[in-house]
Amino acid sequence: MMALIEALVADHPEALSPLGAGLMTAAHLGIAHDSRSFARKFGLAHALVLRECTLLAHEHDLLTVESRGDKSQRLFYQLSDTGRATLERACDDTDNNAHLSAAGTAKEYAS
């Protein structure tokens, strides 16, 4: 999970904070699809998560807000098409880097 978050932030430093990349990764991996659950699981203030969800949805088109709870302000979200494509590229990058790293380690071990 952390490698994917790091890859997302590295690829899009102007658009993604570690929190935003974490939200996208959690949605992708099925860990959390709403702001309250994400905040609880990762020990964050719900207000910070709400703000980041809004930023990702309205300014960067990386999330789509499905609904909002009136009382709790909980946002239910999913990756937008743009967010899904961004995440798939980051997954490919982390897979390629993992293979390169594993090959390098195997080569060092064989020496």
When hydrophobic residues are tied together by side-chain contacts of less than 4.5 Å, even through go-betweens, does [X] share a cluster with [Y]?
X	Y	answer
L19	F42	yes
L48	V65	no
L44	L8	yes

Exercise. With sequence neighbours left out, what residues match T64 under side chain to side chain contact (heavy atoms under 4.5 Å, CB included)?
Worked result: Q78, S80
Point-to-point distance, once rounded to the nearest 0.5 Å, from [atom1] of [X] to [atom2] of [Y]:
X	Y	atom1	atom2	result
T82	L63	OG1	CG	10.5 Å
H12	T86	NE2	OG1	4.5 Å
T54	Y77	OG1	OH	11.5 Å
E6	D11	CD	CG	11.5 Å

Exercise. Taking C-beta and beyond as the side chain, do R68 and L50 meet within less than 4.5 Å on heavy atoms?
Worked result: yes
Problem set entry | Lys/Arg-Asp/Glu bridge criterion (N-O < 4.0 Å) met for R89, D92 |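 Salt bridge: no.
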For this session: Evaluate the side chain to side chain contact (heavy atoms under 4.5 Å, CB included) criterion for residues L56 and L16: first the C-alpha distance (whole Å), next the side-chain angles of each, then the deciding distance (0.1 Å), finally the verdict.
Result: CA-CA 8 Å; L56 292 174; L16 285 172; 3.5 Å; yes
Please tabulate, one pair per line, all N/O donor-acceptor pairs under 3.5 Å involving side-chain atoms of residues 28-35, not counting sequence neighbours.
{"residue": "D34", "atom": "OD1", "partner": "R36", "partner atom": "N", "Å": "3.2"}
{"residue": "D34", "atom": "OD1", "partner": "S37", "partner atom": "N", "Å": "2.8"}
{"residue": "D34", "atom": "OD1", "partner": "S37", "partner atom": "OG", "Å": "3.2"}
{"residue": "D34", "atom": "OD1", "partner": "R74", "partner atom": "NE", "Å": "3.4"}
{"residue": "D34", "atom": "OD2", "partner": "S37", "partner atom": "OG", "Å": "2.8"}
{"residue": "S35", "atom": "OG", "partner": "H46", "partner atom": "NE2", "Å": "2.7"}
{"residue": "S35", "atom": "OG", "partner": "L75", "partner atom": "N", "Å": "2.9"}

Exercise. Of the non-hydrogen atoms in V9 and A21, which two are nearest, and what is the gap between them?
Worked result: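 Answer, listing the atom of V9 first, then A21: CG2-CB, 3.7 Å.
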Exercise. Does any pair with a residue in residues 14-24 pass side-chain hydrogen bond (donor to acceptor under 3.5 Å, both in side chains), and if so which ones, sequence neighbours excluded?
Worked result: S17-E52
For this session: Report the C-alpha separation of L23 and C53 in whole Å, then their side-chain angles, then the decisive distance to 0.1 Å, and conclude whether the side chain to side chain contact (heavy atoms under 4.5 Å, CB included) test is met.
Result: CA-CA 8 Å; L23 280 160; C53 285; 3.9 Å; yes
